[in-house]
Q: 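Once you've had a glance at the structure underneath, I'll fire off some questions.
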Amino acid sequence: MFSTVSRYAFPKLRLFLPYYTLSSVLPSLPYSLNRYFSVHSHSSNPNNIHDAVASFNRLLHLRPLPSVVQFNKILGSIVKMKHYPTAISLSSRAESKGITPSLVFMNILINCYSHVGRMYFAFSVLGKIFKMGHQPDTITLNTLMKGLCHNKMVGEALSFRDEVIAKGFLLDAVSYGTLMNGLCKAGKTRAAIILLPKPKIERLGIKPDIFIYNIIIDGLCKDGLITEARDLFSEMIKRGVRPDIVTYNSLIHGFCSMSQWKDAYELLNEMIRKNIKPDVCTYSILIDAFGKEGRITEAQAIFAVMVKWNEKPNVITFTALMDGYCLTNNVNESKEVFNRMVKSGLSPNVISYSILIDGLCKSKMVDEAMDVFKEMRHKKMVPDIVTYTCLIDGLCKSGRTSYVQDLIYEMHDSIQLPNVITYNVLLDALCKRQHLDEATKLFKQIVDRGIQPNVYTYTILIDGMCKGGRLNKAKEIFQHLLLKGYPLNVHSYTSMISGLCKEGLLDEAMALLYKMEENGCLPNLITLETILRGLIEKNENDKAKKFLLEMADRGLLKK
DNA sequence: TTAGGGTTAG
């Protein structure tokens, strides 16, 4: 089963130089990049991009050649349409026809290279700026920092900031917003906050603005540090920075995801009182939050309210509602929402399709899920790692493993390499079929490929070993994780407890129950039911009764 | 600068 997983070696491409310094950048650019970047457009609005390219080419044939400013204007519009490879290719044509690049021209180019992940080339352009006798401006530096952040090189972005400051270049609030955003998105909110209040930043003449506060507040909310986010919210008001719709949306989202509904409502009322109208993002947040709580009626009601108030739902709103229906096992209604979205003139994206595929799989409608997957292909929509993982899980759980291998091949071909969740799905399939040697082999592969197993991976493995009669192996893995202080969750403990009960080792199971509480993990109804069943199966009826009373006394029997 | 998707225990 799944022998194909190991067929491909994982490529270790070095896409970028690992570190950049101002003095080490290359002076010139490779000009013939057409072989790297296709100029063909995938725009949903091909006329515009074609018009832009045509105008650019017309300019190139005029004599005398128009000023570089004219070319910059068109390049700028192409960048707005996100056709970065096209802009790169056109800029090199312009240079070969004799246009002397200006600083703006090169800034645009740096932005394009950053967007296509070619930071090496972006820094080459910086070298060229110096070579041509220009000085980079704040926009050049900010674009490079943004590129580094977007390409997962936040550490390099920070070093770059230190280096440019040391060399006397000026940074502004946008530079700091960019860096903080990069840090927050990389899960380093703390590091971002360190940049905030220091006199360092104010000495540079930079006052934290609404962007900076919003970035940090959002980062704190996403880390679940909602109290700190609210404190910063008060602080910004004290400092005379007025919160806007983005601030409120981040906070409302933060409160909703912590199920603090009352606080979310209070904020919603507060923003309305301050004449800040909820936007499509606010409504989507609420629809999503209600949907995730299984409160689909409320989600529906919010959807109706936004339509009544003339706020147009977008793909995200519809998709959040679809997800809500799927989570309440109503995939047919989810399909309806999908169709309504199409009818309203919106194009479902890869996330909408993945939710539908997952919903169908979870309702055991795997054939229909496959049809939707084919429809995606037909519409030239590229499935991503989540789409594949949902479908693979559905196929595995319905025993259709022959298709799974094809999908894994396809993932490799489309460079959507399986991640830890995909592997968890495969590992679970092997464990559930009690192919434990293969599961062990797959686990080794995961580690060998440098993929970090997560708590799901370990739980699947422990559960598989317990159910497949390899209790000692399960205990060995479990003990190892406990000793390491690995943060196991209620699922992991319950699997191990279940394994112990199955072998009649009730004392050990009870000991583990107390151990988990000691480790700050509360048992839930499933854990307790598992132990109770173990006691009853061993005819320990008195103990079972005593256990039940004790748990009831402690209030653990509430859902 | 804000909103949407996938994996585990009964």
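In what follows, chains carry the letters A, B, and so on, assigned in the order in which the sequence lines appear, proteins first and then strands, with residues in each chain numbered from 1.
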Q: Rounded to whole angstroms, how far apart are CE on A/M496 and C1' on B/dG10?
A: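 Computing the A/M496:CE to B/dG10:C1' distance gives 16 Å.
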Q: Any side chain to side chain donor-acceptor pair (under 3.5 Å) involving residues 496-505 of chain A? Give me the pairs, sequence neighbours left out, ordered by first then second residue.
A: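 Matches after skipping sequence neighbours: none remain.
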Q: Quick one: do the A/E336 and A/Y325 side chains pair a donor with an acceptor below 3.5 Å?
A: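 There is no such pair (donor and acceptor under 3.5 Å, judged by atom type) between the side chains of A/E336 and A/Y325.
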Q: Return each pair, listed once, that meets salt bridge (Lys or Arg N to Asp or Glu O under 4.0 Å) where at least one residue sits in residues 380-393 of chain A; pairs must be two or more places apart or across chains.
A: A/D393-A/K397
Q: Indicate for each nucleotide in nucleotides 2-7 of chain B, in 5' to 3' sequence, whether protein heavy atoms under 4.0 Å reach the base (B), only the sugar-phosphate (S), or nothing (-).
A: BBBBBB
Q: Just distance, no hydrogens or angles: give the donor-acceptor pairs under 3.5 Å from side chains in residues 450-458 of chain A, sequence neighbours left out.
A:
from: A/N454; atom 1: OD1; to: A/N424; atom 2: ND2; distance (Å): 3.1
from: A/N454; atom 1: OD1; to: A/Y456; atom 2: N; distance (Å): 3.0
from: A/N454; atom 1: OD1; to: A/T457; atom 2: N; distance (Å): 3.1
from: A/N454; atom 1: OD1; to: A/T457; atom 2: OG1; distance (Å): 2.9
from: A/T457; atom 1: OG1; to: A/N424; atom 2: OD1; distance (Å): 2.8
from: A/T457; atom 1: OG1; to: A/N454; atom 2: N; distance (Å): 2.9
from: A/T457; atom 1: OG1; to: A/N454; atom 2: O; distance (Å): 3.2

Q: Assign A/S495 to base, sugar-phosphate, or nothing according to its heavy-atom contacts below 4.0 angstrom with the strands shown.
A: sugar-phosphate
Q: Return the value, rounded to whole Å, for the distance between atom CD1 of A/I193 and atom P of B/dT1.
A: 18 Å
Q: Is any side-chain nitrogen or oxygen of A/K467 closer than 4.0 Å to OP1 or OP2 of B/dG10?
A: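 Indeed, a polar side-chain atom of A/K467 lies that close.
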Q: Given atom CD1 of A/I536 and atom C1' of B/dG10, what is their separation to the nearest angstrom?
A: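 Rounded to the whole Å, the gap is 14 Å.
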Q: For A/A474, check side chain to side chain contact (heavy atoms under 4.5 Å, CB included) against everything at least two apart and list the hits.
A: A/I462, A/M465, A/C466, A/M496
Q: Among residues two or more places apart or on two chains, list those pairs meeting salt bridge (Lys or Arg N to Asp or Glu O under 4.0 Å) that have a residue in residues 340-352 of chain A.
A: none
Q: Over how many whole Å does the gap from A/M551 atom CE to B/dG10 atom P extend?
A: 19 Å
Q: Rounded to the Å, how far apart are A/R533 CZ and B/dA9 C1'?
A: 11 Å
Q: Between B/dT1 atom P and A/N142 atom CG, what is the distance in whole Å?
A: 12 Å
